[in-house]
Amino acid sequence: MREHLVEDAYTCASCGFCRFGCPVYREIGFEGASARGRMYLLKRVFEGKLGYTERVVDSFYMCAQCQNCKQLCPTGIDFGEDVAILKEMFVREGKLPSYLFPLRDNVIEKGNPFGKDAEERGEWLPGKYQTPEPSEYLYFAGCSASYASTRIAKSIVKILDQIEFDFTVLGKEESCCGSPLERMGEITKAGELMEKNMEKFKELGVETVIVSCAGCLKTFTHSYPKDFKVLHVTQLFDQLMREGRLEFQKELDKKVVYFDGCDIGRHCGIYEEPRNILRSIPGVKLIEYEYSREDALCCGGPLASSQPDLAHKIASSRVREAKELGAEIIATACPTCMVNLKEGAKLIQIEMEIQDIPMLLPKFLKKG
Amino acid sequence: MSLYEALCQIVGEDSISRDELDLLCYSHDLAPLPQELLKSFGMLNPEVVVRPRSTEEVSRVVEYANRENLPITPWGAATWSLGGVLPIEGGIVLDLSGLNEIYEFSPGNEYVRVGAGLVWKRLMDFLGTRGFEVGVHPTSAPSATVGGFIATGGGSGVGVTQYGSLGDQLLSLKVVLADGRIIDTDPWDSWFFVGSEGTLGIICEVVLKIYPKGEMKHLMYGFDALDHGVGFLQFLNGIRPHFYSFLDEEFIRFLNQKEKDLPGKELTVAVTLSGTPEEIAVYEKKIDEACQGEKYLEPLAVEEWEERFKIVLSLKSLGPTFFSQEIRIPIRFLGKVLVELKELLKNERYLIEGVGGDFGSIHILPLIMTDERKKSEFFRTFSLASSIAEIGYKYHGSIYGIGLYNTSHLPRIHGHSLNVMRDIKHAFDPKRILNPSKTTQMRIPAFLFNAVPRMMGSAPGLVSTFLKAVNLLPGRLIRAGLRLMGGKLR
């Protein structure tokens, strides 16, 4: 692992191409906030001129790991991956920044980042889903949609119910997928949560896990054993639309811009399905960000729990860009992006409707 | 009032950093020079980095620095490797990347007015979606700034062979002078600042000529005989296509190590034509007729064009360190220069790239692969920089760019006119605050850049002990010593 970091530190050409798409650098503007800057710090560490001081550790925790820089790097360095290796090392050496302790403890002790009780997790569920039943399909709501943005989860259940899609939900038996722990480098602890969830999936004979959170999607596809299929809800809906089981009729006469979240986009390669869904709503005029798909700029969401001010500032830039395009709605496929973009809009007092795709859909659904 | 407080009053807290990690990051550029060597030249971190958001802020910062006799080092994106952005005398680093707005887009009058800190890629993307393009852009476009390319000469880039150098594209510049005055230049005065490397004034705003987007065609040819390739390149220079470049056999060999499958020819030449479809057809026919080599299929040429920003850098991991000295020579000597370069570098891992330049020149970039961690190997390759330069001088060419590391070549480049250059510098910047120790001042004694690396190659132990000893001296003492030596050398 260390060899890999050393190799990258010396391979870095210092060309600074990475700065173009770095959400943190774009906001802060100083060299130390860019991937190139941090690569240089790393090199100085390996030369023995700099230690992993608190400032240096903090600096790496300021990377959103959005991996836009990987797209731009001529030498093929995956800086986000390097940061993951470093964070794991920092945790092993007891260097996790203290501002991440509450988040870590909440996830480990309560199974969610908000520190809420597990009992409350299933509260939003309609009666018939209160107890998990054996099923081929399982909707894994994730922490955000279970506690904070419950409208996302409710919309999904409502839509699937309406077309009589057979599935189950874990409700209060669901635990965090492990993503927040993995992001901070607590790999062992994240693994424990993963095992807990896997056990439940096996008990119920689940073959396909449906997720609405892009963070869950990334974790399930990248870090869980490949024992089951994972579908983002936009993939499922797109599939159901093609099968003719899902149709939209009511008009939405608005300019909508789809926001490519990093976890669903760059990290999982899903770009078209969310767009297909939006296009299929009559009247929607789908527009594109100047930098979209692989080149999309991150909203700063991954930093929302550790550096909220910075994360909101970054998000406000994405909202401003959408406004300049003439967008009336920003549609996301990730609750983290949605919440963070809303904060961003609030920060600069721009009126903008920001909705996660499932939330947009129920009222346009063609009643069978 | 402290320096920090004073600057805070001008630009605000968010636009200023004295964070130790930031300061460290502003103390290097692309060149992989070992820190101990740089430090023995007096290199220090800046005291503070300021990132102004407007020309007025730049003006007030410079005015303050002038009053207080503080060195100011302007910073674009640090994508050069000659040490031009190193704050060798400490003081203020002025990061101009905050001047990144597109103030005016005038398709009717075919110009844009932009902040000097705007990144080329951003400008090109912006124009591209509106049916326009720039005449000239650098191959570091994804990170280089508009002002940075002007300040470093703008003579070797894409489009130069068709439109002339970047200086020819400038309609006006807004420049902050050393005393803080803001001036607007006309196209002729602009030339003062082209290639001035931030030593005469600080370019803040640029009015740049733009062109309606034309068609482009990309061609690629391979030559088994060096003579045929060179002759072909000389032919290209005569007809002035949009862009042409060559890669030598070694370059292809390295590329093929990196997931490519190109024919291993002695010279591989890429050409890009721009114009109307009719013009392009006529020129392509002419070029095909002049070619005594093999014409490659179009997708290969298109790929080469699309990767033009990344292709050289992509080989970095094979080094992992590159070392180079860019020379610009009249194209009629290309054959001789290539033969001599190959002879000089025959025991090295090297590759050679060339790009058509302005005024009938060709820029040759020999890249020597080394490893900065292996000190004696690194210094041996480092000392080749002056030998490469010698080949350039021998054939009526020169090195391209001075920055810090090439200041030891100043007498060689300017001869008697060096004093005139210094008088010009003095007229613009009597207090010597703008990017001091660069371009016209020989702060680095030549022996440090010629003899030391050579000795380092043969007796690394001795030299590294010396450098370690120098490094133990306080920075202030080193600076004073260098000032003394520099003064004598003047």
Side-chain angles (χ1 to χ4, degrees), chain A residues 4 6-22 25-50 53-60 62 69 71-77 288-291 295 309-310 313 325, chain B residues 14-17 19-32 34-36 49-51 53 75-79 81 93 95 97-98 100 117 119-122 125-126 129 140-145 258-259 307 309-322 371-373:
Chain A
H4 181 77
V6 173
E7 201 188 309
D8 278 0
Y10 283 92
T11 294
C12 172
S14 272
C15 64
F17 287 10
C18 51
R19 305 205 308 175
F20 195 86
C22 177
Y25 168 73
R26 276 174 167 251
E27 219 45 55
I28 294 177
F30 288 103
E31 182 65 13
S34 70
R36 171 172 71 173
R38 298 197 180 102
M39 249 357 199
Y40 185 65
L41 297 180
L42 207 55
K43 198 162 132 180
R44 300 304 303 270
V45 168
F46 293 135
E47 280 171 2
K49 303 282 162 58
L50 191 69
T53 61
E54 208 178 302
R55 278 288 298 113
V56 174
V57 171
D58 266 359
S59 159
F60 286 101
M62 247 167 87
C69 54
Q71 296 290 126
L72 299 161
C73 180
T75 62
I77 293 173
E288 291 286 342
Y289 269 104
E290 183 165 11
Y291 298 103
D295 305 323
D309 291 348
L310 175 63
K313 255 196 201 163
L325 287 170
Chain B
D14 281 353
S15 299
I16 179 164
S17 175
D19 176 278
E20 47 166 332
L21 300 185
D22 271 334
L23 299 185
L24 206 59
C25 289
Y26 284 91
S27 64
H28 76 113
D29 65 2
L30 252 72
Q35 290 296 319
E36 57 261 46
V49 183
V50 183
R51 190 169 175 269
R53 303 305 294 254
W75 232 77
T79 58
S81 54
V93 159
D95 181 339
S97 63
N100 55 9
V119 173
W120 281 96
K121 174 176 156 58
R122 175 80 193 91
D125 290 344
F126 173 90
T129 54
S140 50
S143 58
T145 63
K258 282 279 213 184
E259 301 160 9
E307 291 176 5
F309 301 141
K310 288 188 170 183
I311 207 151
V312 175
L313 294 166
S314 75
L315 301 180
K316 177 110 185 349
S317 59
L318 299 173
T321 308
F322 275 163
D371 189 337
E372 64 205 270
R373 288 165 292 183

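Residue numbers begin at 1 in each chain, while the letters A, B, ... track the order of the sequences.
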Side chains of [X] and [Y]: does their closest heavy-atom pair fall under 4.5 Å?
| X | Y | value |
| --- | --- | --- |
| B/K258 | B/S317 | yes |
| B/R53 | B/R51 | yes |
| B/C25 | A/L41 | yes |
| A/R19 | B/S143 | no |
| A/S14 | B/L30 | yes |

Side chain, backbone, both or neither: which part of [X] has an atom under 4.5 Å from a heavy atom of chain A?
| X | result |
| --- | --- |
| B/E372 | side chain |
| B/A31 | neither |
| B/S15 | backbone |
| B/S97 | side chain |
| B/R373 | side chain |
| B/D125 | both |

Is the [atom1] atom of [X] crowded by more than 12 outside heavy atoms at less than 6.0 Å?
| X | atom1 | value |
| --- | --- | --- |
| A/E47 | CD | yes |
| B/K310 | NZ | yes |
| B/D14 | CG | no |

(message) Heavy-atom pairs under 4.5 Å with chain B: which of A/P74, A/G32, A/G21 has the most?
(response) A/P74
Per-residue contact mode, [X] against chain B (heavy atom under 4.5 angstrom):
| X | result |
| --- | --- |
| A/C18 | neither |
| A/E290 | side chain |
| A/R55 | both |
| A/Y40 | side chain |
| A/I28 | backbone |
| A/Y291 | side chain |

(message) Nearest 0.5 angstrom please: B/T145 OG1 to B/N100 CG, how far?
(response) 10.5 Å
(message) Would you compute the distance between atom CZ of B/F309 and atom CG of A/L72 and round it to the nearest 0.5 angstrom?
(response) 12.0 Å
(message) Let's test your reading of the structure: which of B/T129, B/L24, B/I311, B/V119 forms the most heavy-atom pairs below 4.5 Å with chain A?
(response) B/L24
(message) At a heavy-atom distance under 4.5 Å, which candidate from B/V49, B/D95, B/L23 has the highest pair count against chain A?
(response) B/V49
